[in-house]
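Contents: one structure, followed by commentary.
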Amino acid sequence: MGAGDTVDVSLPDGTHQLVAVGSTAADVLKQWRPAEFATFLAASWDGHPIDLAAPIRSAGSLRPLRFSDPEGREVLQHSAAHLVAKALTEAIPQALPTAGPPTEEGFYYDFDVRPLTPEDVAKVRELVQRSVSSLERFERVEVSKREALEWVGSNRHKQGYVAEVAEGVPVSFYRTGSFLDLCRGPHVPDTGWLAGLHVLGVSAITAGGDPAGEARQRVRGVAFPTRPELDAYLKLREEAEARDHRVVGARLGLFMFIDEAPGFPFWLPSGMVVVRELERFVTEHFREDGYQEVRTPLMFAQSVYETSGHWEHYRENIFQTEADGRVYGVKPMNCPGSMLIFQSTSRSYRELPLRLAEFAPLHRLERSGTLHGLTRVREMVQDDAHLFVSEDQIEAELTKLLAWIQRAFTTFRLAWSYELSTRPAHFLGETAQWDRAEATLEKVLKTSGVPYRTSAGEGAFYGPKIDIHVRDSLGRPWQTGTIQLDYQIPARFHLQYQGADGQLHTPIVIHRTILGTWERFLGVLLEHCAGRLPPWLAPIQVRIIPVAERHEGLGHAFVRELDSRGIRADLARSSETLSKRVREAEVAKIPWVAVVGDQEAASGATAVRTHGRKGQRSLSKGEFIDEVLGKLRERAFEP
RNA sequence: GCCGCGGUGGCUCAGUCGGUAGAGCGGCUCCUUGGUAAGGAGCAGGUCGAGGGUUCGAUUCCCUCCCGCGGCUCCA
């Protein structure tokens, strides 16, 4: 090709440009959209991300990448990681960079280095800022594999990466100021793009997530093209911290923990009201949906878990004790108990689907470092049920469950999605059965209309599952309910029923929870609503405030009236001022405040203040009660 | 469980370069009898996470343990 050759480049709007060979992506894009060019941080060439400075040598399609494009965002995060590596190796020359990918939130970079201190972080932040101010360019350099091995020097981690590159393929490096790093790229043009880079913190990890792996130090961060965008993000994070259920729940007096029972929640009176309401929510349709509630022992001898498979696959999570020379395990799940009930008598196909619900306390010996407020505990109660079904009943049951889930999560205004988890490495049964089960789950998911993704190898050891993930109002994901198809445990317990054909068949079991556990669900919900629970869940729904002491009799009578209508009300008897008591009710996030004083004594009305709204309305007591009952009946999210 | 960082009244935090601790909020009592987010005064409340060591003396320095936080891993 001669110097004067041109190639045809197609652009996103369908136009084409004849471009001189050797022109850069930047040249083309600048000419195409001069006004917007400043928002382009990289480009996509035939679907692959490239640097803006990359030369164009053949015909193809070119598309700009902005921060708002997922690929553009990744380029920025990756460049940020690169800059952090530069800063850290400047601060600690012995540090060996390993890898630094973008993540859903931001990025991280792992280093082979001594444990990092807060001072190191401060230094890194300072050096990052220095690089940003001096507008250093990200320069791509391509060399042969042999040269690359020389360039990475004694960094054995990078040597490993170079060794993986095929012979004859050029290896790319990026140079930023004095820092040179093996990197596939692409990057933003210069460090000016990283004005909104923030180092979130450091943590020690083990290489490859393997507990026995080598120790690494992970620097985590997040980057935005500008400082104001970063500030907005940090503000959102601050807001998230203020919603922390561990703080909010303690302040509202819902639950507590003590050092002597780590991971075992205490439910305080107010919290217990919430738990009972949640329980009522998920059980009120039990009769019409054909559920029967059972309660099975808290502990079983080891042999039960050997039968179920838990001893082999889950033993490290089972609390154990010993009596009369036998080892007992505290149940981590309700399924063995339900299996034993099914097994206890001869069963007919006419009994199916047999739906056994059990809300019993479960104990799981979670590793100490994983405990987290209510969202990760060692004692929990699931809204659990086991559905014993025949193969042709599966689909209908699953469809009903998904409808239920829809109703439940809509009530809480939680956005949810499904995750289909398939056969793990450690599994029971035949692969053909697994395939069939997975296909059934997938079919039902496809017709549900709710988005789902598939996680290969993440299923339970006894069957594939659908997990429910919810996002709270700040976009953070949580796993709550789960639906698990089980062809294995029923067979291990030799469960059988007599079919219409007179033959004995093994039932299939659907393990299912809707909200998951009260503990985690409430943790998520508290963060979702910032402690402002929906009125039907609020421990106190109405606070009556008598204006002065002489109105307390009036207040008492009103409390009794509300109580008789099934509304949880209390009286703010106090020598405090009215304003102070209103404030206390607001802080306690009580949905309604009703004031009674001289005016109300005369008119029979009450002055109602609704949580979160300033001002008040004068309503007759009857009107107010109707309003409250209406909100409770429809399980409104807000008062 | 692993790595790092923490632990001071109920809560949020200050402080002690080694001489046994303070504030605000909350609680209690009294005064105030109020009209929609903090009326006033007084009082009580801490073996400074636990144990051991160094020291004349440890909340402070060292070690071990417990718990928490941030991650890793795992998971409802």
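Treat the numbers as computed from the prediction; the structure is a model and nothing was measured. To find a chain, count down the sequence lines: A is the first, B the second, and so on, and within it residues start at 1.
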Check: Checking all strands, does A/Leu371 fall into the base, sugar-phosphate, or nothing category for heavy-atom contacts under 4.0 angstrom?
Finding: sugar-phosphate
Checklist line | Closest nucleotide among B/rC3, B/rG35, B/rA76 to the A/Leu578 side chain | finding: B/rG35
Checklist line | For A/Thr283, all residues meeting side chain to side chain contact (heavy atoms under 4.5 Å, CB included), sequence neighbours excluded | finding: A/Glu279, A/Phe286, A/Phe359
Notebook entry, point to check: From B/rU36, B/rG4, B/rC72, pick the nucleotide closest to the side chain of A/Ile205?
Noted result: B/rC72
Notebook entry, point to check: Using 4.0 Å as the upper bound for N to carboxylate O, is an ion pair formed by A/Glu586 and A/Arg609?
Noted result: yes
Notebook entry, point to check: Base, sugar-phosphate alone, or nothing: which one does A/Glu600 contact when heavy atoms must sit under 4.0 Å apart?
Noted result: base
Checklist line | Short side-chain N/O contact from A/Arg246 to OP1 or OP2 of B/rC69, under 4.0 Å | finding: yes
Check: According to a strict under-4.0 Å criterion, is A/Ser575 in side-chain N/O contact with OP1 or OP2 of B/rU32?
Finding: no
Margin query: Quick check for you: among B/rA76, B/rG34, B/rU36, whose closest atom lies nearest to any side-chain atom of A/Lys465?
Written below: B/rA76
Check: Do A/Glu519 and A/Arg376 sit within salt-bridge range, that is, some charged N less than 4.0 Å from a carboxylate O?
Finding: no
Checklist line | Under 4.0 angstrom between A/Gln479 side-chain N/O and B/rC75 OP1 or OP2 | finding: no
Checklist line | Donor-acceptor pair, side chain of A/Arg581 and main chain of A/Ala572, under 3.5 angstrom | finding: yes
Margin query: Mind checking if A/Asn317 touches a base, just sugar-phosphate, or nothing, with heavy atoms under 4.0 Å?
Written below: nothing
Next item on the list: For the side chain of A/Pro262, starting at C-beta, report the closest nucleotide among B/rA76, B/rG34, B/rG68.
Entry: B/rG68
Item checked: Closest to side chain of A/Arg364, choosing from B/rA37, B/rU36, B/rA76 -> B/rA76
Note to self: I'd like to know if A/Arg520 reaches the base of B/rC75 with its side chain such that a donor and an acceptor end up less than 3.5 angstrom apart.
What the structure shows: yes
Item checked: Side chain A/Arg243, main chain A/His528, donor-acceptor under 3.5 Å -> yes
Check: Of the nucleotides B/rU36, B/rU33, B/rA76, which has the atom closest to the A/Glu549 side chain?
Finding: B/rU33
Checklist line | OP1 or OP2 of B/rA37 under 4.0 Å from side-chain N/O of A/Arg609 | finding: yes
Check: Any idea which of B/rG26, B/rC75, B/rG4 is nearest the A/Lys580 side chain?
Finding: B/rG26
Next item on the list: For residues A/Tyr109 and A/Phe111, establish whether the separation of their ring centroids is below 6.0 Å.
Entry: yes
Notebook entry, point to check: Salt bridge or not for A/Arg543 and A/Asp570, using N-O below 4.0 Å?
Noted result: yes
Checklist line | Trace of the side-chain contact (heavy atoms from CB on, under 4.5 Å) decision for A/Tyr305 with A/His313 | finding: CA-CA 10 Å; A/Tyr305 300 110; A/His313 295 274; over 6 Å; no
Checklist line | Nucleotide of B/rA37, B/rG71, B/rU12 approaching A/Arg220 most closely (side-chain heavy atoms) | finding: B/rG71
Check: With sugar-phosphate meaning primed atoms plus P, OP1 and OP2, does A/Gln382 contact a base, only sugar-phosphate, or nothing at under 4.0 Å between heavy atoms?
Finding: sugar-phosphate
Check: In terms of the nearest nucleotide of RNA chain B, which residue is placed more toward the 5' end: A/Glu260 or A/Gly597?
Finding: A/Gly597
Next item on the list: Pick base, sugar-phosphate or nothing for A/Thr370, based on heavy-atom distances below 4.0 Å to the nucleic acid.
Entry: base
Next item on the list: Using a heavy-atom cut-off of under 4.0 Å over every strand shown, decide if A/Ala607 touches base, sugar-phosphate, or nothing.
Entry: base
Check: So what does A/Val202 touch, heavy atoms closer than 4.0 Å: a base, only the sugar-phosphate, or nothing?
Finding: nothing
Checklist line | base_contact_polar (B/rC74 base, A/Arg376 side chain, donor-acceptor, <3.5 Å) | finding: yes
Notebook entry, point to check: Is A/Glu519 touching bases, backbone alone, or none of the nucleic acid, heavy atoms closer than 4.0 Å?
Noted result: nothing
Check: Is any side-chain nitrogen or oxygen of A/His372 closer than 4.0 Å to OP1 or OP2 of B/rG70?
Finding: yes
Notebook entry, point to check: Of all residues at least two apart in sequence or in a different chain, which pass the ring pair (Phe, Tyr, Trp, His ring centres under 6.0 Å) check with A/Tyr462?
Noted result: A/His511
Note to self: Among B/rA37, B/rC3, B/rG70, which nucleotide has an atom closest to any side-chain atom of A/Ser203?
What the structure shows: B/rG70
Notebook entry, point to check: B/rA37 phosphate, OP1 or OP2: any side-chain N/O from A/Arg613 under 4.0 angstrom?
Noted result: no
Notebook entry, point to check: Mapping A/Glu366 and A/Val587 to their closest nucleotides on RNA chain B, which lands nearer the 5' end?
Noted result: A/Val587
Checklist line | Secondary-structure notation, RNA chain B, from Watson-Crick and G-U pairs under 3.5 angstrom (| other strand) | finding: (((((((..((((.....[..)))).(((((.......))))).....(((((..]....))))))))))))....
Next item on the list: Give A/Gly201 one of three labels, base, sugar-phosphate or nothing, depending on what nucleic acid heavy atoms sit under 4.0 Å from its own.
Entry: nothing
Next item on the list: Report yes if a side-chain nitrogen or oxygen of A/Thr577 is closer than 4.0 Å to either non-bridging phosphate oxygen (OP1 or OP2) of B/rG39; otherwise report no.
Entry: yes
